[in-house]
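These notes concern the structure reproduced below.
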Amino acid sequence: MSGWPARPRMHSRSGVIETTAQLRHMRKRLTRRSQISIATVFTPMNPNETPEEHFPLQTVYTRTPHPRFVNRYDSREILLVVDGSCANNGSTELQSTGGCSFTYKGAGESGFTVTFPFSDGGRDAGGTVGFPLEERGPDGEYYAASSNRAKLRAVIAGLQFREWQEEGWRRIVVATDLEYVVFGATRWLALWVKRRWRNRRAQHIANRDLWEELHGAIARLAGLGTEVSFWLVPSRGMIKQTSALVQDTKDVAREAARIHFDSAAEEFSRLCGIEV
């Protein structure tokens, strides 16, 4: 075991942060003998509606006193919008830094809409959470930052942020513009595992640590009665361009990739929303 700190930390109302040393016990490596839990693809009832039109912000008091983006066609489903960004993505000369974000409700009580748990500012319980892509993965190893990794990390953070099943939601819909995340979670993961984490060209699959962490989150929710689905928002479509919710989440990810965070952000951590 390493000498990394194992104590939980509290950042205002944004929740408890568990360090890598604790999370390592929660991650399960996937092998060819593993049973794979595949997420499903979400198909909107009206393809012309933006995410915030399809899932308007409302409060279902029989489930939680806090507002959520609830499916207007099925009040048992909620929406998470995620994004990730990477400064100097793919550069061989400059250090790349990643930022992640997810949105789960509207503005905070004091008017702030963004929570940056690792920063000295912006810790109010806003509806969007922005944080840096950690240098270490859930396995404790160092990984280079990338846009794909940042967006994948954002999905994990959003699903682990709350005990969503305790609020009584039948399905969590994760909206993203990245095919890598959507198809990976709904189609490719089982094939990757079957091929011992190699693609058709026998090349190693990147971000195995995060894919296994995501699979664990999806499998856990499924076992508790909550399905996870992915909504692919076309990156060049009008829905993405006209959705303030999608654009605001993207802006927070970009900001999270630029601003300075404390040293705790170097380790893979779980953000837990408390009374939010």
Side-chain angles (χ1 to χ4, degrees), residues 2 20-43 80 82-86 88-92 96 98-100 102 133-160 171-236 253 267-270:
S2 71
T20 310
Q22 293 170 309
L23 288 171
R24 192 177 300 172
H25 300 290
M26 302 169 59
R27 176 173 168 264
K28 180 180 179 181
R29 290 180 65 84
L30 298 178
T31 68
R32 298 180 70 181
R33 295 182 179 181
S34 302
Q35 183 176 352
I36 307 302
S37 297
I38 300 297
T40 57
V41 175
F42 175 76
T43 302
L80 298 178
V82 304
D83 213 322
S85 179
C86 184
N88 305 319
N89 188 41
S91 175
T92 58
S96 57
C100 315
F102 62 90
L133 174 63
E134 302 96 334
E135 295 180 6
R136 297 181 188 265
D139 57 0
E141 300 296 327
Y142 283 99
Y143 293 93
S146 70
S147 179
N148 283 355
R149 189 171 177 84
K151 293 190 179 187
L152 185 57
R153 178 67 182 95
V155 178
I156 296 168
L159 293 179
Q160 294 181 339
R171 176 158 68 164
I172 301 171
V173 177
V174 180
T176 177
D177 62 355
L178 187 61
E179 292 183 354
Y180 170 73
V181 169
V182 176
F183 294 156
T186 61
R187 301 180 187 177
W188 300 336
L189 182 57
L191 292 175
W192 290 339
V193 174
K194 185 177 180 180
R195 294 172 181 154
R196 294 187 173 91
W197 292 96
R198 294 177 182 270
N199 59 22
R200 294 179 179 177
R201 299 179 181 179
Q203 299 169 325
H204 287 285
I205 299 298
N207 303 318
R208 174 178 176 174
D209 62 316
L210 293 187
W211 282 114
E212 289 177 330
E213 187 75 14
L214 175 58
H215 177 268
I218 293 173
R220 179 178 182 274
L221 284 166
L224 295 171
T226 301
E227 176 187 357
V228 176
S229 296
F230 285 82
W231 180 1
L232 179 60
V233 179
S235 60
R236 300 183 182 277
E267 301 176 15
F268 190 92
S269 306
R270 180 183 176 186

List the atom of [X], the atom of [Y], and the distance in Å for their closest heavy-atom pair.
X      : Y      : answer
Ala157 : Phe102 : CB-CE2, 3.8 Å
Glu213 : Pro138 : OE1-CB, 3.6 Å
Ile218 : Ala39  : CD1-CB, 4.0 Å
Trp211 : Val181 : CH2-O, 3.8 Å

Those residues that, when tested against Phe230, pass ring-ring contact (aromatic ring centres under 6.0 Å, His included) (two or more places apart):
none
Going by atom types alone, do Glu227 and Thr40 pair a side-chain donor with an acceptor below 3.5 Å?
yes
In the structure I gave you, are the side-chain heavy atoms of [X] and [Y] within less than 4.5 Å of one another anywhere?
X      : Y      : result
Thr226 : Arg171 : no
Arg153 : Leu210 : yes
Arg270 : Gln160 : yes
Arg149 : Asp209 : yes
Arg29  : Glu212 : yes
Cys100 : Lys151 : no
Val182 : Thr176 : yes
Ile172 : Leu159 : yes

Rounded to the nearest 0.5 Å, what's the gap from [atom1] on [X] to [atom2] on [Y]? Could you check?
X      : Y      : atom1 : atom2 : answer
Tyr180 : Ser147 : OH    : OG    : 10.5 Å
Glu267 : Glu134 : CD    : CD    : 9.5 Å
Leu152 : Leu178 : CG    : CG    : 9.0 Å
Arg208 : Leu189 : CZ    : CG    : 10.5 Å
Leu133 : Phe268 : CG    : CZ    : 9.5 Å

Check residues 195-202 and write down every donor-acceptor pair under 3.5 Å in which the side-chain atom is one partner and the other belongs to a residue at least two apart or another chain.
{"unit_1": "Trp197", "atom_1": "NE1", "unit_2": "Leu30", "atom_2": "O", "d": "3.0"}
{"unit_1": "Arg198", "atom_1": "NH1", "unit_2": "Ala202", "atom_2": "O", "d": "2.7"}
{"unit_1": "Arg198", "atom_1": "NH2", "unit_2": "His204", "atom_2": "NE2", "d": "3.1"}
{"unit_1": "Asn199", "atom_1": "OD1", "unit_2": "Arg201", "atom_2": "N", "d": "2.9"}
{"unit_1": "Asn199", "atom_1": "OD1", "unit_2": "Ala202", "atom_2": "N", "d": "3.1"}
{"unit_1": "Asn199", "atom_1": "OD1", "unit_2": "Gln203", "atom_2": "N", "d": "2.9"}
{"unit_1": "Asn199", "atom_1": "ND2", "unit_2": "Gln203", "atom_2": "OE1", "d": "3.0"}

Are any side-chain N or O atoms of Ser96 and backbone N or O atoms of Ala145, one a donor and one an acceptor, separated by less than 3.5 Å?
yes
Flag, side chain of Arg32 to backbone of Lys194, donor-acceptor distance under 3.5 Å
yes
I would like to know whether Val155 and Leu214 meet side-chain contact (heavy atoms from CB on, under 4.5 Å); could you show each step before the answer?
CA-CA 8 Å; Val155 178; Leu214 175 58; 3.7 Å; yes
Evaluation steps, side-chain contact (heavy atoms from CB on, under 4.5 Å), between Asn89 and Ser146:
CA-CA 6 Å; Asn89 188 41; Ser146 70; 3.8 Å; yes
Fit a plane to each ring of Phe183 and Trp188, take the angle between them on a 0 to 90° scale, and name the class: parallel (under 30°), tilted (30 to 60°) or perpendicular (over 60°).
perpendicular
